[in-house]
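Take a look at the structure set out below.
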Amino acid sequence: MDLALLRTFVTVHRAGSFTRAAALLGLSQPAVTSQIRTLEQQLGRPLFLRQARGVTPTTIGDELAHKAAPHLDALVEIAETGLDDESSLRSLHLAGPPEFTAERALPALIELTGEDGQGFALRASFGTAEETLEGLAAGHHDLAISTARPRGPLLTATPLCDEEHVLVAAPRWADQIGAEKPHRRAAHALEDIPVVEVHESLPFVSRYWASVYDSRPAAPGTVIVPDLRAVLACAVAGAGLAVLPRYLCASALERGDVVALHDPPVPPLRTYFLVVRTGTLAMPHIARAHEWLLRTACGWA
């Protein structure tokens with residue numbers, strides 16, 4: 001069986017579309033279609049069901065992808081690394097949200113880098129959950145951290161940890177809204193405080209309001225910055241209230257730079273998932289990083 005045909009097949013399987021696969025492979029769409037048709041003729045079975053938007057693998061297509069993909073990935077890595085450079089390290093490509101990846105995942109994985117015979121070189125990229133999972137499916141990453149659980153058999157997700165969200169602001173805002181106890185403070189008491197968020201849609205504040213107050217926030221975003229670390233800095237500076245992961249604002253809370261404006265009996269949580277392409281945990285460096293992150297996450301709570 002032609003390895004080039006298998007490579008095209010796996011790319012289509014991961015991309016879910018002849019068009020996207022053609023872009024990833026640097027081929028024309030007719031060339032990709034022709035290669036898949038040739039492989040289907042060789043096997044005597046259809047590998048994909050054509051739909052209006054993309055393709056869906058048949059049972060045989062899924063089975064072939066799960067068997068072939070890890071071996072093709074290994075061959076690509078050998079080709080990229082080279083056989084004559086024994087000192088070169090295998091690379092682990094990690095993707096995830098910028099704040100969590102920078103503050104949690106990367107410091108943990110640094111212990112696994114190096115030339116101890118089992119270490120690897122580490123490459124990281126940041127993105128949204130959708131971007132991260134698409135990149136993983138397309139083979140651009142080895143391991144992804146996502147707040148969305150992927151569907152389908154191509155990607156395998158394992159719960160990594162839960163993230164507690166805290167409603168915070170600079171102390172002057174707590175003083176301004178009065179002495180009502182944080183665990184009893186109602187949503188209407190917070191309506192006049194500006195909001196600091198990562199997006200105009202107020203994803204963190206809206207999720208908090210829905211979970212704790214069963215309502216929508218009244219105030220619009222006053223400061224919008226696309227990084228939770230910048231959101232924290234703006235909150236410390238007095239720009240307004242923000243909803244932040246506890247791990248990110250714990251030190252600021254301890255120093256008194258910000259205070260919790262509400263202390264609900266059941267705080268809102270968000271789950272992170274550790275995601276790989278199905279079958280790639282057979283590769284030692286991916287399996288080691290995967291296991292290490294799961295073990296380290298037990299101490300993050």
Side-chain angles (χ1 to χ4, degrees), residues 96-104 126-133 145-150 159-273 300-301:
E99 306 88 356
F100 186 89
T101 304
E103 300 289 331
R104 291 295 208 194
F126 301 143
T128 64
E130 182 179 4
E131 293 167 344
T132 296
L133 294 178
I145 297 170
S146 173
T147 54
R149 183 193 287 271
L160 178 62
C161 66
D162 289 329
E163 171 185 271
E164 178 187 346
H165 286 178
V166 188
L167 177 62
V168 301
R172 73 178 183 87
W173 288 110
D175 296 338
Q176 179 173 315
I177 59 179
E180 188 177 358
K181 298 296 183 183
H183 66 278
R184 299 173 55 190
R185 188 165 284 139
H188 66 79
L190 308 171
E191 290 179 355
D192 294 330
I193 304 180
V195 173
V196 187
E197 257 284 11
V198 296
H199 190 271
E200 297 287 354
S201 63
L202 310 185
F204 284 84
V205 173
S206 295
R207 190 181 301 117
Y208 189 97
W209 251 247
S211 174
V212 174
Y213 298 120
D214 194 24
S215 65
R216 297 169 61 90
T222 299
V223 178
I224 304 296
V225 285
D227 188 296
L228 288 173
R229 292 162 294 192
V231 170
L232 174 59
C234 292
V236 169
L241 64 80
V243 173
L244 293 166
R246 182 170 290 278
Y247 78 84
L248 195 62
C249 63
S251 296
L253 286 167
E254 290 176 5
R255 293 191 303 266
D257 295 338
V258 293
V259 296
L261 295 180
H262 192 60
D263 185 20
V266 181
L269 300 176
R270 182 170 68 164
T271 300
Y272 282 96
F273 298 93
W300 287 342

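Quick note: residue numbers are just sequence positions, from 1. Being a predicted model, the structure only gives us computed values, none of them experimental.
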Rounded to the nearest 0.5 Å, what's the gap from [atom1] on [X] to [atom2] on [Y]? Could you check?
X: Leu167; Y: Tyr213; atom1: CG; atom2: OH; answer: 5.5 Å
X: Phe273; Y: Leu160; atom1: CZ; atom2: CG; answer: 10.0 Å
X: Ile177; Y: His188; atom1: CD1; atom2: NE2; answer: 10.5 Å

Any pair counted as side-chain hydrogen bond (donor to acceptor under 3.5 Å, both in side chains), so long as it reaches residues 221-244, sequence neighbours left out: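 Of all non-adjacent pairs touching residues 221-244, those that pass side-chain hydrogen bond (donor to acceptor under 3.5 Å, both in side chains) are Asp227-Arg229.
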Does any pair with a residue in residues 199-218 pass salt bridge (charged side-chain N to carboxylate O under 4.0 Å, His left out), and if so which ones, sequence neighbours excluded?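 Listed once each, the pairs would be none.
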Enumerate the residue pairs fulfilling salt bridge (charged side-chain N to carboxylate O under 4.0 Å, His left out) with a member in residues 231-254, sequence neighbours excluded, ordered by first and then second residue.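 Residue pairs passing salt bridge (charged side-chain N to carboxylate O under 4.0 Å, His left out), neighbours aside: Glu164-Arg246.
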Could you pull out the closest heavy-atom pair between Ala148 and Leu133, with the gap in Å?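 Shortest heavy-atom separation between Ala148 and Leu133 comes out as O-CD1, 3.9 Å.
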For Pro267 and His165, work out which heavy atoms get closest and say how close.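 Closest approach of Pro267 to His165: CB-O, 4.4 Å.
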What about the rings of Trp300 and Phe100, do their centers lie closer together than 6.0 Å?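 Between Phe100 and Trp300, which both carry aromatic rings, the centre distance is below 6.0 Å.
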Tell me, do Pro97 and Ile145 make a side-chain contact under 4.5 Å, heavy atoms counted?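 Contact flag for Pro97/Ile145 side chains = yes.
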Would you please test Val166 and Leu244 for side-chain contact (heavy atoms from CB on, under 4.5 Å) and show each step? CA-CA 5 Å; Val166 188; Leu244 293 166; 5.8 Å; no
Please name all residues satisfying salt bridge (Lys or Arg N to Asp or Glu O under 4.0 Å) with [X], sequence neighbours left out, ordered by chain then number.
X: Arg255; result: Asp257
X: Arg270; result: Glu163
X: Asp192; result: none

